[in-house]
Amino acid sequence: QVQLEESGGGLVQAGSSLTLSCAASGRALGSYAFGWLRAFPRTGRELLAAIDWNGGNIYVKDSVEGRFTISRDVTTNTVELQMNSLRPEDTAVYYCVADRLASGQSMGRNPRLDVWGHGTQVTVSS
């Protein structure tokens, strides 16, 4: 089983950039796709981006494409979400998630969300 731990959340001003990091541990990381999902208190959740461990198959949600970038570093076993031009509506709890035997695109189309981290709060002030 894979374990995920997020870091990097916080309070920022609108227009700022923030990078979230997910430390992945466990066996067979290469058989997972990893993603970032955010949850809003009343309006649900959305998968923002996903990437396979090889890094060659990436999904990014249309509404954040151009502002958010997902990447992974196999030397440190981390998956990062670089977020630029942050807006107050980006305020949410951000979770690192993983799906076994998935690609970035397949996870983006039909996420199972097999593994979750504990989440990190991102708050964007206006």
Side-chain angles (χ1 to χ4, degrees):
Q1 180 70 319
V2 168
Q3 293 83 43
L4 306 172
E5 183 172 355
E6 305 93 337
S7 61
L11 172 64
V12 297
Q13 289 188 331
S16 299
S17 297
L18 195 64
T19 299
L20 303 181
S21 185
C22 173
S25 60
R27 300 182 65 179
L29 294 180
S31 64
Y32 286 79
F34 296 82
W36 285 94
L37 173 151
R38 65 185 177 188
F40 303 98
R42 287 172 290 278
T43 57
R45 63 193 190 191
E46 58 182 356
L47 184 70
L48 300 168
I51 187 170
D52 65 351
W53 198 243
N54 292 324
N57 194 285
I58 295 174
Y59 162 83
V60 180
K61 188 177 176 66
D62 287 346
S63 61
V64 298
E65 190 163 18
R67 290 197 304 131
F68 292 7
T69 303
I70 190 169
S71 62
R72 94 282 173 259
D73 186 336
V74 298
T75 62
T76 58
N77 288 351
T78 56
V79 180
E80 290 191 341
L81 184 70
Q82 172 70 41
M83 304 185 292
N84 298 323
S85 302
L86 284 163
R87 306 164 181 168
E89 54 265 38
D90 293 318
T91 296
V93 179
Y94 285 69
Y95 295 90
C96 184
V97 291
D99 277 358
R100 191 170 177 269
L101 298 177
S103 68
Q105 286 288 327
S106 69
M107 187 175 182
R109 289 191 303 269
N110 187 25
R112 295 190 308 273
L113 309 178
D114 297 334
V115 185
W116 290 68
H118 293 295
T120 185
Q121 175 71 44
V122 173
T123 303
V124 184
S125 64
S126 57

Next on the checklist: With a 3.5 Å distance limit and no angle check, can you tell me whether E6 reaches the backbone of G119 through a side-chain donor-acceptor pair?
Outcome noted: yes

Item to check | Pairwise distance CD(E89) to OG(S63) - rounded to 0.5 angstrom | outcome: 10.5 Å

Checklist entry - Atom CD1 of I51 and atom CD of Q105: how far apart are they, to the nearest 0.5 Å? => result 11.0 Å

Checklist outcome for this item: Tested for side chain to side chain contact (heavy atoms under 4.5 Å, CB included) against F34, the lone hit among I70, T78, V115, V79 is V79

Checklist outcome for this item: Rounding to 0.5 Å, atoms SG (C22) and CG (N77) come to a distance of 10.0 Å

Checklist entry - What is the minimum heavy-atom distance between A14 and P88, and which atoms define it? => result CB-CD, 4.1 Å

Item to check | N/O donor-acceptor pair under 3.5 Å between T91 side chain and V124 backbone | outcome: yes

Item to check | Candidate pair Q82 and L18, rule side chain to side chain contact (heavy atoms under 4.5 Å, CB included), full reasoning | outcome: CA-CA 6 Å; Q82 172 70 41; L18 195 64; over 6 Å; no

Checklist entry - Within the side chain of D52, is there an N or O that forms a donor-acceptor pair under 3.5 Å with the backbone of N57? => result yes

Item to check | Residue pairs fulfilling salt bridge (Lys or Arg N to Asp or Glu O under 4.0 Å) with at least one residue in residues 95-113, sequence neighbours excluded | outcome: R112-D114

Checklist entry - If you look at every heavy atom in M107 and V97, which pair is closest and at what distance? => result CE-CG2, 3.5 Å

Checklist entry - Taking 4.0 angstrom as the limit, do R38 and E46 come out as a salt bridge? => result yes

Next on the checklist: Please find the pair of heavy atoms, one from P111 and one from L47, that lie closest to each other, and give the distance.
Outcome noted: CB-CD2, 4.0 Å

Checklist entry - With hydrophobic residues grouped by side-chain heavy-atom distances under 4.5 Å, do L4 and Y94 end up in a single group? => result yes

Checklist entry - Is it true that a side-chain atom of T43 and a backbone atom of F40 form a donor plus acceptor pair closer than 3.5 Å? => result no

Checklist entry - What do you reckon, is CD of Q3 surrounded by more than 12 foreign heavy atoms closer than 6.0 Å? => result yes

Checklist entry - Taking all atoms of both residues into account, what is the closest heavy-atom pair of A49 and L81, and its distance? => result CB-CD1, 4.3 Å

Item to check | Test side chain to side chain contact (heavy atoms under 4.5 Å, CB included) applied to L48 and V60, step by step | outcome: CA-CA 6 Å; L48 300 168; V60 180; over 6 Å; no

Item to check | Pairwise distance CD(E80) to OG1(T19) - rounded to 0.5 angstrom | outcome: 6.0 Å

Item to check | Co-membership, hydrophobic cluster, residues L11 and L20, 4.5 Å side-chain | outcome: no

Next on the checklist: Contact between V12 and T123 at the side-chain level, heavy atoms closer than 4.5 Å - yes or no?
Outcome noted: no

Checklist entry - So, S17 and N84: side-chain donor and acceptor under 3.5 Å apart, yes or no? => result yes

Checklist entry - If you measure from OG on S103 to CH2 on W53, what distance do you get to the nearest 0.5 Å? => result 15.5 Å

Item to check | From CA spacing to verdict: side chain to side chain contact (heavy atoms under 4.5 Å, CB included), S106, Y59 | outcome: CA-CA 8 Å; S106 69; Y59 162 83; over 6 Å; no

Checklist entry - Is it the case that one hydrophobic cluster holds both I58 and L29, taking links as side-chain heavy atoms less than 4.5 Å apart, direct or via other members? => result yes

Next on the checklist: Whether the side chain of D73 engages the backbone of T75 through a donor-acceptor N/O pair (distance < 3.5 Å, no angle test) should be reported.
Outcome noted: yes

Item to check | Heavy-atom donor-acceptor pair, R87 side chain to G15 backbone, under 3.5 Å | outcome: no

Checklist entry - Should V64 and V122 be regarded as members of a common hydrophobic cluster, given that ILVMFWY residues are connected when their side-chain heavy atoms come within less than 4.5 Å of each other, either directly or indirectly? => result yes

Checklist entry - So, S125 versus Q13: side-chain donor-acceptor pair below 3.5 Å or not? => result no

Item to check | Plane angle bin for W116 and Y95 - parallel if under 30°, tilted between 30 and 60°, otherwise perpendicular | outcome: perpendicular

